[in-house]
Enquirer: 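Questions regarding the structure given below will be posed in turn.
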Amino acid sequence: MTEVRTRFAPSPTGFQHIGGFRTALYSWLLARHFGGKFILRVEDTDQERRVAGAIKYLLESFEWLGVDIDEGPSSAELDLVGEPYKGIGGDFGPYIQSQRLPLYKEAAEKLIATGFAYRCDCTPEMLEKERLEQMARKELPGYSGYCRTRNVSADTRHVVRFKMPHKPSITVIDAVKDRVSWDQVPMRDPVLLKSDGFPTYHLAVVVDDHHMRISHVLRSDEWLSSLPLHVLLFDAFGWEKPIFAHLPAVLGSDGKKLSKRHGATSLETFKSDGYLSQALLNYVVLVGWSPGEGDEQEIFKREDLIKKFSLDHVNKASAVFDYNKLIWMNGMYIRALSFEEFTAAAKPFLDQAGMQMAPERWKIIAPHVQERVRALNEIAPMIEFLCRDQIEREMNSMFHKEIDVSRAKQILKLADQKLSGLGDFSVAEIEGALRGLAAELNLKPGPMFGVLRVAVTGKKITPPLFESFSALGREATLQRIRETGVLLENVPAQGG
RNA sequence: GUCCCCAUCGUCUAGCCCGGUUAGGACAUCGCCCUUUCACGGCGGUAACGGGGGUUCGAAUCCCCCUGGGGACGCCA
């Protein structure tokens, strides 16, 4: 088998969304699976739509995801398009299409010489007029082929069009869709080379995939309908065709194509919401692919993914992106982190919340927080009570059928005494004291701890109580218990 | 309008190619257990082959039609 070479070929017209990254991920996985090469090629043949910074964003995103690229734009190429960044390079460059123009020109001329293409000097205005007339007559809009038989000079401003066969019969075996057939092509003499000298997507993709020796073309299935053109083009050039794999779409929960309305779609947002890149990668790969054959594994190490990935089990149908499952998976990944990794991951989120914490404190509380969060941005709210001088208290959560205001006051007062008398404000000491108190009062620990929980942390849902107290320290803990006692003085006696 | 693609629990999917399963797993949801709250973990429940025709002893699986969804028909990609 010849070397497996896959490419991801985005156009820098905006910020790649999660569906686009999935295509890249599958290409990358396939290359790695077969020990081949993964190539990044930038398709910037539409100068009008190019967005500054798009390539750099792409490169940074791949870096965050840990997707390594074997060949791609070099630093020099990136400088040329005004997006300086550390480049990649490779033997088949340039990897930015706007820097490959002579290649397309040459290819188009070859097609004219061999009778597969012709020059056309019809202006956009003429074409628009033609289209309107066709629509008025309820005909299929499309170029009439007026210039097919004319001899348009190479010196006039013109485009190069492909001479579409009248009744092509084309069957392609697609690696995910299987057999796909056409007996007519839904395109009439498409433009290959634009009048500005830039190629259209169709010409560029075929020429580049050939010259870059791409073995597998993975792309979104909205391209399926232009596949016959590409096949015809490969044949016209006399080039061997790559294997095609057209991937189904990723949808939002309403069944429409995934967009911002559905929630986060840019990697940037996932990152700032506290998703781990490994978790996101794992989940995204699972949208539309499964190991199949009764294999029920869902959490995959990068190596597992590379080992098991195959086009055979890519789904034909489009899939809905499920944020629920993603956040579940993210939680699994967070829990699997070592203490050091979790600490490092949490840092930016604590910094952002303006929260500082002494290492001793963090060490006590971190493992319990790690066990509880599903995304990194849930950390700060959970341990706010450790970092703020003043806290808001959800007072109503304190009461219970066995606990009214006077009972709560009593608990606070006695807990104050018990905790004050402790030799060491350790988790074990605190636990002993408070469990002892519950026994003395003949109260169930749950409700009684609830009073202290709200008093000290302000919240109903927190990390475990003794650890929280220990991390907070004796002084602050007692102070909050006393503050709460004062607050309760102002509550009507019957309480909650 | 023409052409192409797609169709299993609410969601992601296994099973389909090579007909025979109590149609399996995961997320979500509900209940129970564990338990100081929450989370984790454990156990259990609800929940699917879009419809209609064939072929066959037997169809989620093979064939046809319908319906529904998506895509394409540009000097955009």
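Each chain gets a letter, A, B and so on, in the order the sequences are listed, and its residues count up from 1.
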Enquirer: Using the P atom as the reference point in each nucleotide, state the distance between B/C9 and B/A23 in Å, no decimals.
Expert: 15 Å
Enquirer: We want to know whether A/E429 and A/S426 form a side-chain donor-acceptor pair, criterion being a heavy-atom distance below 3.5 angstrom.
Expert: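 A/S426 and A/E429 do not have a side-chain donor-acceptor pair below 3.5 Å.
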Enquirer: Counting the atoms with a prime plus P, OP1 and OP2 as sugar-phosphate, which does A/E298 contact under 4.0 Å by heavy atoms, base, sugar-phosphate, or nothing?
Expert: base
Enquirer: Using the P atoms only, state how far B/C33 lies from B/C38, rounded to an integer number of Å.
Expert: 13 Å
Enquirer: Can you confirm if the aromatic rings of A/Y275 and A/Y333 lie within a centre distance of less than 6.0 Å?
Expert: no
Enquirer: Restricting both atoms to N or O, compile the protein contacts to nucleotides 3-7 of chain B shorter than 3.5 Å, with distance only.
Expert:
{"unit_1": "B/C5", "atom_1": "O2'", "unit_2": "A/K177", "atom_2": "NZ", "d": "3.0"}
{"unit_1": "B/C6", "atom_1": "OP1", "unit_2": "A/K316", "atom_2": "NZ", "d": "3.4"}

Enquirer: Does B/U35 have OP1 or OP2 sitting under 4.0 Å from an N or O in the side chain of A/K444?
Expert: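 It does not, given that no N or O in the side chain of A/K444 lies less than 4.0 Å from OP1 or OP2 of B/U35.
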Enquirer: If you only use heavy atoms from C-beta on, which nucleotide in B/A77, B/C12, B/C75 is closest to the side chain of A/P124?
Expert: B/C75
Enquirer: Can you tell me how far P of B/U2 sits from NE2 of A/H166, to the nearest Å?
Expert: 22 Å
Enquirer: When you compare B/C65 with B/A26, how far apart are their P atoms, in angstrom units rounded to a whole number?
Expert: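 Those two atoms are separated by 39 Å.
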Enquirer: Quick check for you: among B/C75, B/U37, B/G25, whose closest atom lies nearest to any side-chain atom of A/K325?
Expert: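 Given the options B/C75, B/U37, B/G25, the side chain of A/K325 is closest to B/G25.
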Enquirer: Under 4.0 Å between any heavy atoms, over every strand shown, what does A/G446 touch: base, sugar-phosphate, or nothing? Just pick one.
Expert: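 Here A/G446 touches the backbone only, sparing every base.
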Enquirer: Give A/F466 one of three labels, base, sugar-phosphate or nothing, depending on what nucleic acid heavy atoms sit under 4.0 Å from its own.
Expert: base
Enquirer: Which one, B/U36, B/A77, B/C27, comes nearest to the side chain of A/D322?
Expert: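 Side chain of A/D322 sits closest to B/C27.
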Enquirer: Checking A/S98 now: which residues fulfil side chain to side chain donor-acceptor pair (under 3.5 Å) with it, not counting sequence neighbours?
Expert: A/D44
Enquirer: How many whole angstroms separate atom NZ of A/K418 from atom P of B/U36?
Expert: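 One finds 18 Å between P of B/U36 and NZ of A/K418, rounded.
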Enquirer: Which class fits the ring pair A/F244 and A/F234: parallel under 30°, tilted 30 to 60°, perpendicular over 60°?
Expert: perpendicular
Enquirer: Only pairs at least two apart or in different chains count here, so list each salt bridge (charged side-chain N to carboxylate O under 4.0 Å, His left out) that has a residue in residues 98-111 of chain A.
Expert: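 Qualifying pairs, neighbours excluded: A/R100-A/D208, A/K105-A/E109, A/E109-A/R119.
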Enquirer: Choosing from B/U37, B/G25, B/U36, which nucleotide comes nearest the side chain of A/T462?
Expert: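 It is B/U37.
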Enquirer: If you restrict it to nitrogen or oxygen atoms, what contacts under 3.5 Å exist between nucleotides 17-23 of chain B and the protein, and what is each distance?
Expert:
none

Enquirer: For the side chain of A/T200, counting heavy atoms from C-beta on, which of B/U11, B/A77, B/U37 is nearest?
Expert: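 Of the candidates, B/A77 comes closest.
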Enquirer: When both hydrogen-bonding distances must be under 3.5 Å and the geometry is Watson-Crick or G-U wobble, what is B/C16 paired with, if anything?
Expert: none
Enquirer: What is the separation between atom OH on A/Y201 and atom P on B/A72, rounded to the nearest whole Å?
Expert: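 Rounding to the nearest Å, OH of A/Y201 and P of B/A72 are 13 Å apart.
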Enquirer: Report which part of the nucleic acid A/G331 touches: base, sugar-phosphate, or nothing (heavy-atom distance under 4.0 Å, all strands).
Expert: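 The residue A/G331 makes no contact with any strand.
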Enquirer: Carefully, step by step, assess A/R49 and A/S11 under the rule side chain to side chain donor-acceptor pair (under 3.5 Å).
Expert: CA-CA 9 Å; A/R49 293 205 309 157; A/S11 56; 4.9 Å; no
Enquirer: With sugar-phosphate meaning primed atoms plus P, OP1 and OP2, does A/K459 contact a base, only sugar-phosphate, or nothing at under 4.0 Å between heavy atoms?
Expert: nothing
Enquirer: Decide side-chain contact (heavy atoms from CB on, under 4.5 Å) for A/H230 and A/H202; before the verdict, give the C-alpha distance in whole Å, the side-chain angles of both, and the deciding distance to 0.1 Å.
Expert: CA-CA 7 Å; A/H230 301 165; A/H202 307 296; 2.9 Å; yes
Enquirer: Where along residues 361-382 of chain A does a heavy atom fall under 4.0 Å from RNA chain B?
Expert: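 Only A/E371, A/R372 qualify.
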Enquirer: Could you say whether A/D295 or A/G142 is positioned toward the 5' end of RNA chain B, judged by the nucleotide with the nearest heavy atom to each?
Expert: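 By nearest-heavy-atom nucleotide position, the 5'-most residue is A/D295.
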Enquirer: Classify the nucleic acid contact of A/R335 as base, sugar-phosphate or nothing, counting any heavy atom under 4.0 Å across all strands shown.
Expert: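 Since only primed, P, OP1 and OP2 atoms lie under 4.0 Å of A/R335, the category is sugar-phosphate.
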Enquirer: Just N and O in the side chain of A/K194: are any of them under 4.0 Å from OP1 or OP2 of B/A77?
Expert: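 True: A/K194 side-chain N/O within range (under 4.0 Å) of B/A77 OP1/OP2.
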Enquirer: Would you indicate what A/P190 reaches in the nucleic acid, counting non-hydrogen atoms under 4.0 angstrom: base, sugar-phosphate, or nothing?
Expert: nothing
Enquirer: A/T45 side chain N/O closer than 4.0 Å to the phosphate oxygens (OP1, OP2) of B/A77?
Expert: yes
Enquirer: Between P on B/U13 and CG on A/L286, what's the gap in Å once rounded to a whole number?
Expert: 8 Å
Enquirer: If I take atom CD1 in residue A/I461 and atom C1' in nucleotide B/C40, what distance separates them, rounded to the nearest angstrom?
Expert: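 Spelled out: CD1 on A/I461 to C1' on B/C40 is 15 Å.
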Enquirer: As a test of reading the structure: which of B/A77, B/C75, B/U11 is closest to the side chain of A/E222, going by heavy atoms?
Expert: B/A77
Enquirer: Using the P atoms only, state how far B/G10 lies from B/A47, rounded to an integer number of Å.
Expert: 10 Å
Enquirer: With sequence neighbours excluded, what pairs up with A/E298 under the side chain to side chain donor-acceptor pair (under 3.5 Å) test?
Expert: A/K325
Enquirer: If we take the P atom in both B/G25 and B/G71, what is their distance in whole Å?
Expert: 34 Å
Enquirer: Not counting sequence neighbours, which residues clear salt bridge (charged side-chain N to carboxylate O under 4.0 Å, His left out) with A/D183? List them please.
Expert: none
Enquirer: Considering only atom C1', compute the distance from B/G58 to B/U21 and round it to an integer number of Å.
Expert: 14 Å
Enquirer: Using the P atom as the reference point in each nucleotide, state the distance between B/C73 and B/U13 in Å, no decimals.
Expert: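 It works out to 26 Å between them.
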Enquirer: Over 60° means perpendicular and under 30° means parallel, so classify the ring planes of A/F62 and A/F8, tilted if in between.
Expert: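 Ring orientation, 0 to 90° scale: perpendicular.
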Enquirer: Taking the side chain of A/E296 as its heavy atoms from C-beta onward, which of B/G25, B/U37, B/G70 lies nearest to it?
Expert: B/G25
Enquirer: Quantified in whole Å, what is the P atom distance between nucleotide B/U11 and nucleotide B/G53?
Expert: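 That atom pair is separated by 26 Å.
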Enquirer: For B/G70, take OP1 and OP2 only and decide whether either is under 4.0 Å from a side-chain N or O of A/K256.
Expert: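 Yes, A/K256 has a side-chain N/O under 4.0 Å of OP1/OP2 on B/G70.
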Enquirer: According to the salt bridge (charged side-chain N to carboxylate O under 4.0 Å, His left out) rule, which pairs have a member within residues 361-375 of chain A, sequence neighbours left out?
Expert: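 Sorted pair list: A/R374-A/E378.
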Enquirer: Report the residues that fulfil side chain to side chain donor-acceptor pair (under 3.5 Å) with A/R335, sequence neighbours left out, ordered by chain and then residue number.
Expert: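 So A/R335 forms no side chain to side chain donor-acceptor pair (under 3.5 Å) with any residue.
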Enquirer: A/T156: what forms a side chain to side chain donor-acceptor pair (under 3.5 Å) with it, not counting sequence neighbours?
Expert: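 Counting only residues at least two positions away or on another chain, A/T156 forms no side chain to side chain donor-acceptor pair (under 3.5 Å).
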Enquirer: Give every donor-acceptor pair under 3.5 Å between a side-chain atom in residues 463-474 of chain A and any protein atom, sequence neighbours left out.
Expert:
{"unit_1": "A/S468", "atom_1": "OG", "unit_2": "A/P463", "atom_2": "O", "d": "3.3"}
{"unit_1": "A/S468", "atom_1": "OG", "unit_2": "A/P464", "atom_2": "O", "d": "2.8"}
{"unit_1": "A/S470", "atom_1": "OG", "unit_2": "A/F425", "atom_2": "O", "d": "3.2"}
{"unit_1": "A/R474", "atom_1": "NH1", "unit_2": "A/L419", "atom_2": "O", "d": "3.0"}
{"unit_1": "A/R474", "atom_1": "NH1", "unit_2": "A/S420", "atom_2": "O", "d": "3.3"}
{"unit_1": "A/R474", "atom_1": "NH1", "unit_2": "A/L422", "atom_2": "O", "d": "2.8"}
{"unit_1": "A/R474", "atom_1": "NH2", "unit_2": "A/L422", "atom_2": "O", "d": "2.9"}

Enquirer: Would you give me the side-chain donor-acceptor pairs under 3.5 Å for residues 432-448 of chain A, sequence neighbours excluded?
Expert:
{"unit_1": "A/R435", "atom_1": "NE", "unit_2": "A/E431", "atom_2": "OE2", "d": "2.7"}
{"unit_1": "A/R435", "atom_1": "NH2", "unit_2": "A/E431", "atom_2": "OE2", "d": "3.0"}
{"unit_1": "A/E440", "atom_1": "OE2", "unit_2": "A/K418", "atom_2": "NZ", "d": "2.6"}

Enquirer: Figure out the OH/C1' separation between A/Y323 and B/G10, and round it to whole Å.
Expert: 17 Å
